[in-house]
Amino acid sequence: MGIAAFLAVTGAAVSARADDMPVIKVEMRDGVILPAVIEVPANMRFKLEISNTGQSPVEFESTELKREKALAAGSTSAIVFRTLDPGTYQVFDDFHPEAKATLVAK
């Protein structure tokens, strides 16, 4: 197999794997995180897609998960989790301390 053919097959496999990954959507808006309880699959790879629909910057953060993602107003970004143990994890908006949610892996 030539290098180009190998790369094409390998790229297709990676793309198919990324397409199979569950995508969980979260909305952040000026001090609110929706949904308040974010359910995600435990022990499997998934993508958390975060949209800031508000007028001010937000920062999705979890001290327990050691993850954070800042977003400008009107932007969307994602965090990919390789795996997450079953459990409950607290998340918050570092720019709006009143905004809290719970991420539940099951």
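- With hydrogens and angles disregarded, no donor-acceptor distance shorter than 3.5 Å links the side chain of T102 to the backbone of Q90.
- Under the 4.5 Å side-chain heavy-atom criterion for Ile, Leu, Val, Met, Phe, Trp and Tyr, V26 and Y89 are members of the same hydrophobic cluster.
- Taken from NZ in K25 to CD1 in I50, the straight-line distance is 12.0 Å, to the nearest 0.5 Å.
- The main-chain N or O of S75 is never found under 3.5 Å from a side-chain atom of N52 such that the two would form a donor-acceptor pair.
- When only modelled atom types and interatomic distance are considered, S56 and D30 share a side-chain donor-acceptor pair under 3.5 Å.
- Rounded to the nearest 0.5 angstrom, L65 CG and L48 CG are separated by 9.5 Å.
- Hydrophobic clustering of Ile, Leu, Val, Met, Phe, Trp and Tyr side chains at less than 4.5 Å, counting indirect connections, unites V40 with V91.
- Contact annotation: the side chain of D94 never approaches that of E68 to less than 4.5 Å [non-hydrogen atoms, C-beta and beyond].
- Residues V104 and I38 fail the side-chain proximity criterion, which asks for heavy atoms closer than 4.5 Å.
- For the pair S77 and L71, the tightest heavy-atom approach, listed with the atom from each and the gap, is N-CD2, 3.5 Å.
- Counting only heavy atoms from C-beta outward, the side chains of T63 and F92 approach each other to under 4.5 Å.
- The minimum heavy-atom distance between A101 and P35, with the atom names listed, is CB-O, 4.0 Å.
- Using a 4.5 Å heavy-atom cutoff, the side chains of I24 and L103 are not in contact.
- At a threshold of 4.5 Å between side-chain heavy atoms, the hydrophobic network of Ile, Leu, Val, Met, Phe, Trp and Tyr places V32 and F95 in two separate groups.
- The only option from R67, R45, K47, M44 that meets the side chain to side chain contact (heavy atoms under 4.5 Å, CB included) definition with F81 turns out to be R67.
- Using a distance-only test at 3.5 Å, with no hydrogens or angles considered, no donor-acceptor pair links the side chain of R29 to the main chain of S51.
- The shortest non-hydrogen separation linking A105 to A42 is C-CB, 3.9 Å.
- Atom NZ of residue K106 and atom OG1 of residue T88 lie 9.5 Å apart, to the nearest 0.5 angstrom.
- Atom CD of Q55 has 12 or fewer neighbouring heavy atoms from other residues, nucleotides or ligands inside a 6.0 Å radius.
- The backbone N or O of E59 lies less than 3.5 Å from a partner atom in the side chain of D93, making a donor-acceptor pair.
- Within the 4.5 Å cutoff, no side-chain heavy atoms of I33 are placed close to those of V58.
- Minimum heavy-atom separation, A99 to G31: CB-O, 3.2 Å.
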